[in-house]
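Here the structure comes first, spelled out in structure tokens, and everything after it is commentary.
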Amino acid sequence: MPRDLFIDGVPELLLLRLLARREMYGYELVGEIRSLSDGVFTFGEGCVYPILHRLVAGKLLSVRKELVGKRPRRYYHLTANGQKRLSQLEKSWESVSTGVTNFRKGASNATA
Amino acid sequence: MQPREFLIRSEKVLARKGILGSRATSLLEDWNDHLRSEIDSLMKTGSSQHEANRLACSSLGRPESLAAWASDQLRQSTWQGRNPWGSTFAIGVGSIACLFLLMRSAGYILSRSVDTLQSGTIEIIVASLQWTPLIVGLAWLTWQRYSMPAGWKGFAVVSIWTAVLLPSVFFIFNPSKPASIDSSWSFGLGYIGGAFIVKFAITLLYSVALWSIENRRCETQIVDSIKT
């Protein structure tokens, strides 16, 4: 069982999935997560950035800096390693999801 | 809370968690960009500047929680951060093994070329070998200070380990010893009085200096450099 999926694998999966479409900056990512999950994922907005920085340190993302007015903005981009990690996380997620669905069916049948 | 106040508090708590330099700068730049973008968005929908500032800061999170989360996440990104105790032990044993190998090779070469080398040269080589463990220890502590894989607590543990272990590596060379060539040199781990105490004190003072420089520097150094 992929233990890390339960700890911080979900935010990581969401971020990598979004960045697989195109490069994005933090505020954009937070907004997309909020709107695409219909507000289900409401973890602290600032928490996303340390995860992004960990992924950059792990070479799963690369970063490009651009000035917006005077302030710097970081655009995050998925690397080849990040693409591999995304595939692994998606497979793990599929197996967890299938396992939970099967478990719930089994448990419902047993009680009926 | 106002954005500047939020960022100043964040810089302070990040430093306390051992997140310094470029790692702190990039986080603060990201949080600053997020706050400004959120404030602009809230003001477009009719919020006052004051209300927008307050809402943007509160939705980003508490600086203390964010710093704790950032420290946890960044620790996860390095092998040393994930295994602070195991890695400290492994690196300690590995560095001692490398130093022993260096001293064994140097002792072998020195004892066989003692007739061809001038006594001054031999003294310089021997002194270099005796101070090498200390230099390795100080370089290791400097690297720890910049990468900070396990925060300040981890830094304190590494400092004590380094101060106790590396200065105890000794190398002795006595070219006038009559018995045999190989008995003219020796090395190992030992707490040889004065030399050990001096090296131990230098290592500890160096790590205290690294810590105190960081804690005495201006807390708004990064925040002041970020353009809004």
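Keep in mind it's a predicted model, so treat the numbers as computed, not measured. Only this structure's heavy atoms are used, side chains among them; waters, hydrogens and symmetry mates stay out. By convention in this document, chain letters (A, B, ...) are assigned in the order of the sequence lines, proteins followed by strands, and residues within each chain are numbered from 1.
With a 6.0 Å cutoff to the six-membered ring centre and a 45° limit on the axis angle, Lys199(B) counts as a cation-pi contact of Trp131(B).
A donor-acceptor pair under 3.5 Å is absent between the side-chain atoms of Asp72(B) and the main chain of Ala68(B), judged by distance alone. Between the side chain of Ser71(B) and the backbone N or O of Ala67(B), no donor-acceptor pair lies under 3.5 Å.
Between chain A and the residues Ala70(B), Ser65(B), Ser26(B), Gly61(B), the most heavy-atom pairs under 4.5 angstrom are made by Ser26(B). No other option in Glu28(A), Arg74(A), Lys65(A) has as many heavy-atom pairs under 4.5 Å with chain B as Arg74(A).
Considering only residues two or more places apart in sequence or on other chains, Arg64(A) meets the salt bridge (Lys or Arg N to Asp or Glu O under 4.0 Å) condition with Glu23(A), Glu66(A).
Only the side chain of Val30(A) has a heavy atom closer than 4.5 Å to any heavy atom of chain B.
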